[in-house]
Trainee: 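Below is one structure. I have some questions about it.
Positions are given from 1, in the same order as the sequence printed here. Computed from a predicted structure; not experimentally measured.
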Amino acid sequence: MTTANPPYRLALLDLDGTLTDSAPGILSSVRHAYATLGIETPTDETLRRFVGPPLTETFARHGVPVDRVAEALAAYREVYAAGGMLDNSLYPGILECLTAARAAGVRLAVATSKPEVYARRITAHFGIDDLVEGVYGATLDGSRGSKADVIEHALASLAASAVVAGVAGATETVGTEAEEVPGTGAGGAGRVDGVVLDGLPPREEIIMVGDREHDVLGAAAHGIRCLGVSWGYAVPGELEDAGALAVVESTDELARALRGE
């Protein structure tokens, strides 16, 4: 895969299906929701489509009446928040990929449709926090839920950031839910020693990285291109049809693409 692009200065990273293989915990929580509602559970193939997009949309598309979506979401969260979120694993090579990109001067942040409070627990658990400037996600009340909304939130927060060089966790950002997860700085910032932020680079130097079409479309809403990853949950052709710049086949290839190689 060749992108023929200059090195990117900022990469927004999806979480589920891009950095972590989160299907086990998500799918067990979805099955619990259907059982609680007394609705027939979709097939395993259909259940994989729940990984990535906002769950309110996916439940409604797969047998849950609109007036019971909130009930399904509450049942899902009952299991997921109790530990299902950590029935999860890093894809091999992800931390090395992020380390290499950061060493090349690429700023990194997580932008996920998952509620931000959950995303921060996951990134802290897997050591991703140490490599990114912030972790940005949806709100629990659904007021920020689409991928485009999350990207808008991430960009606004990163543009407002100010980091004191050499001080861990010193990021100041806007519009976050940091109070919900003790031990993280505002915006879920990790350690960014020696890096001084100065707002956002031009859109052509920002890239979204994700595994589903909503990553591509959400980024496009802000004039940002998206690199797809092949190891996530997209069906064949999904990323290409949505307009992904390219689809990388390995974490080594992703690191090279972020550096513009």
Trainee: Give a yes or no on whether the backbone of G25 and the side-chain of S28 come within a donor-acceptor separation of less than 3.5 Å.
Mentor: yes

Trainee: Identify whether the distance between the nearest side-chain nitrogen and carboxylate oxygen of R225 and E204 falls below 4.0 Å.
Mentor: no

Trainee: Considering residues at least two apart in sequence or located in another chain, which fulfil the salt bridge (charged side-chain N to carboxylate O under 4.0 Å, His left out) criterion with E71?
Mentor: R68

Trainee: Which residues satisfy the ring pair (Phe, Tyr, Trp, His ring centres under 6.0 Å) test with Y76, sequence neighbours excluded?
Mentor: Y80

Trainee: Applying salt bridge (charged side-chain N to carboxylate O under 4.0 Å, His left out), name anything that partners D16, two or more places apart in sequence or on another chain.
Mentor: K114

Trainee: What pairs with T20 under side-chain hydrogen bond (donor to acceptor under 3.5 Å, both in side chains), at least two apart in sequence or on another chain?
Mentor: N88

Trainee: Can a salt bridge be assigned to the pair R256 and E261 using a cut-off of 4.0 Å between side-chain N and carboxylate O?
Mentor: no

Trainee: Please collect all side chain to side chain donor-acceptor pair (under 3.5 Å) contacts where either partner lies in residues 45-64, sequence neighbours excluded, each pair once.
Mentor: T43-T46

Trainee: Does any part of the side chain of V135, heavy atoms only, come nearer than 4.5 Å to the side chain of I122, both counted from C-beta?
Mentor: no

Trainee: Can you check whether S250's main-chain N or O pairs, donor with acceptor, with W231's side chain at less than 3.5 Å?
Mentor: no

Trainee: Taking A104's backbone N and O only, do any of them form a donor-acceptor pair with R259's side chain (distance below 3.5 Å, no angle check)?
Mentor: no

Trainee: Could you pull out all residues at least two apart from D215 that satisfy side-chain hydrogen bond (donor to acceptor under 3.5 Å, both in side chains)?
Mentor: K147

Trainee: For Y34, give me all partners under ring pair (Phe, Tyr, Trp, His ring centres under 6.0 Å), at least two apart in sequence or on another chain.
Mentor: F59

Trainee: Could you tell me which residues satisfy side-chain hydrogen bond (donor to acceptor under 3.5 Å, both in side chains) with D141, sequence neighbours excluded, listed by chain and number?
Mentor: T139, S143

Trainee: With sequence neighbours excluded, what pairs up with P92 under the side chain to side chain contact (heavy atoms under 4.5 Å, CB included) test?
Mentor: none

Trainee: Between R9 (side chain) and G105 (backbone), is there a donor-acceptor pair under 3.5 Å?
Mentor: no

Trainee: According to salt bridge (charged side-chain N to carboxylate O under 4.0 Å, His left out), who are the partners of D44, at least two apart in sequence or on a separate chain?
Mentor: R31

Trainee: Can you sort out the partners of E238 under salt bridge (charged side-chain N to carboxylate O under 4.0 Å, His left out), two or more places apart, ordered by chain and number?
Mentor: R212

Trainee: If the condition is side-chain hydrogen bond (donor to acceptor under 3.5 Å, both in side chains), which residues does S113 pass it with, not counting sequence neighbours?
Mentor: none

